[in-house]
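The shown structure was predicted, so the numbers you read here are calculated from the model rather than taken from an experiment. In what follows, every heavy atom counts, from backbone to side chain, and hydrogens, waters and symmetry copies are set aside.
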Protein chains: 2
Amino acid sequence: MIDVRFPTALQLMLNLALAHSEGVAQLSSTQLAGALGTNPSLVRKLLSRLANAGLVRSSFGRGGGIRLGRPADAITLGDVYSAVLGETSLWAPRAVPHRCLVSSNVERYFVDLAAKADDAVLRTLKHKTLADSLSELRILDAARKPVSAHRRARPT
Amino acid sequence: MIDVRFPTALQLMLNLALAHSEGVAQLSSTQLAGALGTNPSLVRKLLSRLANAGLVRSSFGRGGGIRLGRPADAITLGDVYSAVLGETSLWAPRAVPHRCLVSSNVERYFVDLAAKADDAVLRTLKHKTLADSLSELRILDAARKPVSAHRRARPT
DNA sequence: AAATATGCATCAATCATTGTTGCACATCAA
DNA sequence: TTGATGTGCAACAATGATTGATGCATATTT
């Protein structure tokens with residue numbers, strides 16, 4: 001199963017960022033679950049990690065909900081990734097019987113290699129903030145509805 | 001489940017490279033399975049992809065087996081990764097109901113982002129060849145058996 | 001012809017992630 | 001104070017891609 005925790009968390013954060021930019025202070029986990037096409041439980045599991053990292057803040061009780069913990073331009077996609085995936089590496093070595101030059105050393109070698117790949121991914125994600133992403137989404141949206149005011153075609 | 005196809009394939013290729021450097025022309029899938037601590041079936045599934053990419057060659061019949069398709073210094077880790085994982089991306093977007101600026105565009109946005117991350121990973125893997133890896137394994141091995149000739153301790 | 005080895009299809013097992021449910025606790029409004 | 005709303009969290013079932021196991025046709029060497 002392809003891992004969708006990062007995509008889900010990112011889409012969640014973008015929803016919060018959009019809501020904030022439109023003057024909506026906070027969203028409930030039920031609203032977020034609806035927007036993500038999933039259930040409040042999964043949302044809360046992700047929120048728990050995001051809250052630990054300070055990326056979101058939640059308020060209890062009636063009228064409560066979730067809001068961004070920092071301004072959208074102070075949260076990078078790398079922050080979201082690290083918060084949700086933690087130290088999880090892209091790959092893990094296969095445990096092999098130690099019998100030769102390769103098998104006795106390849107696990108350590110591979111852990112190191114995976115760490116380099118993890119770094120490479122994180123570097124690409126640290127370049128962009130939620131605010132950047134929101135801008136790009138606006139551009140994509142404008143391109144989707146061509147030229148003039150009225151929308152030409154239904155989205156497929 | 002963390003994906004171990006790339007690690008397994010890499011360890012397989014390194015075994016072939018080591019065998020070749022030691023004058024062993026080829027290994028059978030059963031031998032490879034033994035070295036990897038798994039079964040010949042999985043090995044052959046991986047070999048099928050590796051063979052399609054020209055990274056290994058197999059000979060049929062009695063005395064047959066698998067050997068590298070090119071010299072070890074002409075095969076990068078990126079070649080192995082692409083052969084085994086194909087176009088598989090690190091992440092896939094979660095399909096969300098299209099209802100707002102974010103939800104209507106985030107899937108395309110995310111596919112693009114994932115492609116950038118995939119590129120970053122592949123770039124790090126293209127720097128190293130199997131021959132480079134084998135050299136590094138030799139260094140690790142030397143570090144593991146300190147100083148003088150006789151081995152001091154059993155590997156754990 | 002016999003032995004060995006790959007190639008490939010089918011089927012079951014595994015296991016992290018996802019989805020569901022229930023409930024305690026916190027907060028606001030009337 | 002009470003009721004409504006919402007988070008936090010634990011337990012459990014469902015899902016689905018990968019792994020593991022088996023059988024057999026085909027190819028090649030001795």
Side-chain angles (χ1 to χ4, degrees), chain A residues 1-9 11-12 16 19 24-53 55-67 69 84-96, chain B residues 1-9 11-12 16 19 24-53 55-67 69 84-96:
Chain A
M1 199 185 314
I2 292 183
D3 201 328
V4 294
R5 282 177 293 177
F6 172 52
T8 306
Q11 291 174 218
L12 186 161
L16 288 177
V24 178
Q26 51 194 8
L27 298 173
S28 72
S29 59
T30 303
Q31 289 175 307
L32 285 169
L36 296 173
T38 182
N39 57 83
S41 171
L42 177 61
V43 169
R44 288 178 187 169
K45 284 174 191 167
L46 290 173
L47 283 173
S48 169
R49 291 174 176 276
L50 293 169
N52 283 338
L55 303 185
V56 301
R57 307 176 71 81
S58 53
S59 49
F60 280 71
R62 182 169 185 169
I66 294 98
R67 68 185 70 192
V84 173
L85 274 303
E87 296 302 310
T88 306
S89 182
L90 249 30
W91 312 304
R94 167 181 289 272
V96 294
Chain B
M1 200 184 315
I2 291 184
D3 200 328
V4 293
R5 281 177 293 178
F6 172 53
T8 306
Q11 292 174 217
L12 186 161
L16 288 177
V24 177
Q26 52 194 7
L27 298 174
S28 73
S29 59
T30 305
Q31 288 174 308
L32 285 169
L36 296 173
T38 181
N39 58 81
S41 172
L42 177 62
V43 169
R44 287 178 187 168
K45 283 174 192 167
L46 290 173
L47 283 173
S48 170
R49 292 174 176 274
L50 293 168
N52 284 338
L55 303 185
V56 301
R57 308 175 71 80
S58 54
S59 48
F60 279 70
R62 183 169 183 167
I66 295 98
R67 68 186 69 194
V84 174
L85 275 301
E87 296 302 310
T88 306
S89 182
L90 248 30
W91 313 303
R94 167 181 289 272
V96 294

For the helix from C:dA1-D:dT30 to C:dA30-D:dT1, what angle lies between the axis at the first five pairs and the axis at the last five pairs, to 10 degrees?
10°
Measuring only between side-chain heavy atoms, which start at C-beta, is B:R94 closer than 4.5 Å to A:T38?
yes
Is A:Q26 reaching over with its side chain to a backbone N or O of A:G63, donor-acceptor style, under 3.5 angstrom?
yes
Provide, to the nearest angstrom, the distance between the CZ atom belonging to B:R49 and the C1' atom belonging to C:dT6.
18 Å
With a 4.5 Å cut-off on side-chain heavy atoms, are A:L32 and A:L16 touching?
yes
Is the shortest side-chain heavy-atom distance between B:I66 and B:R57 below 4.5 Å?
no
CD of A:Q26 versus P of C:dA26: gap in Å, rounded?
18 Å
Output the rounded distance in Å from CZ (A:R57) to P (D:dT7).
15 Å
Closer than 4.0 Å, any side-chain N/O of A:S29 to the OP1 or OP2 of D:dT7?
yes
Taking the side chain as C-beta and beyond, is there a heavy-atom pair between B:V43 and B:N39 under 4.5 Å?
no
By nearest heavy atom, map A:S48 and A:G64 onto DNA chain D; which one lands nearer the 5' end?
A:G64
Quick check: does any side chain N or O of B:Q31 sit under 3.5 Å from a backbone N or O of B:S28, one acting as donor and the other as acceptor?
yes
Closer than 3.5 angstrom, by distance alone: can the side chain of B:S48 be matched with the main-chain N or O of B:R44 as a donor-acceptor pair?
no
Rounded to the Å, how far apart are B:L36 CG and D:dT19 C1'?
13 Å
Classify the nucleic acid contact of A:L47 as base, sugar-phosphate or nothing, counting any heavy atom under 4.0 Å across all strands shown.
nothing
What's the CG-C1' distance between A:L85 and C:dA16, to the nearest Å?
13 Å
Separation of atom CG in A:N52 from atom P in D:dG8, rounded to whole Å
10 Å
Using whole Å, what does the distance between atom P of nucleotide D:dA17 and atom CG of B:L90 come to?
17 Å
To the nearest 0.5 angstrom, please state how far the CG atom of A:L85 sits from the CZ atom of A:R49.
8.0 Å
Output one letter per nucleotide in nucleotides 20-30 of chain D: B when a protein non-hydrogen atom lies under 4.0 Å from the base, S when only the sugar-phosphate is that close, - when neither is.
BBB----BBB-
Which distance, rounded to the nearest 0.5 Å, do you find between the OG of A:S58 and the CG of A:L50?
11.0 Å
How long is the line joining CG of A:L27 and P of D:dG6, in whole Å?
11 Å
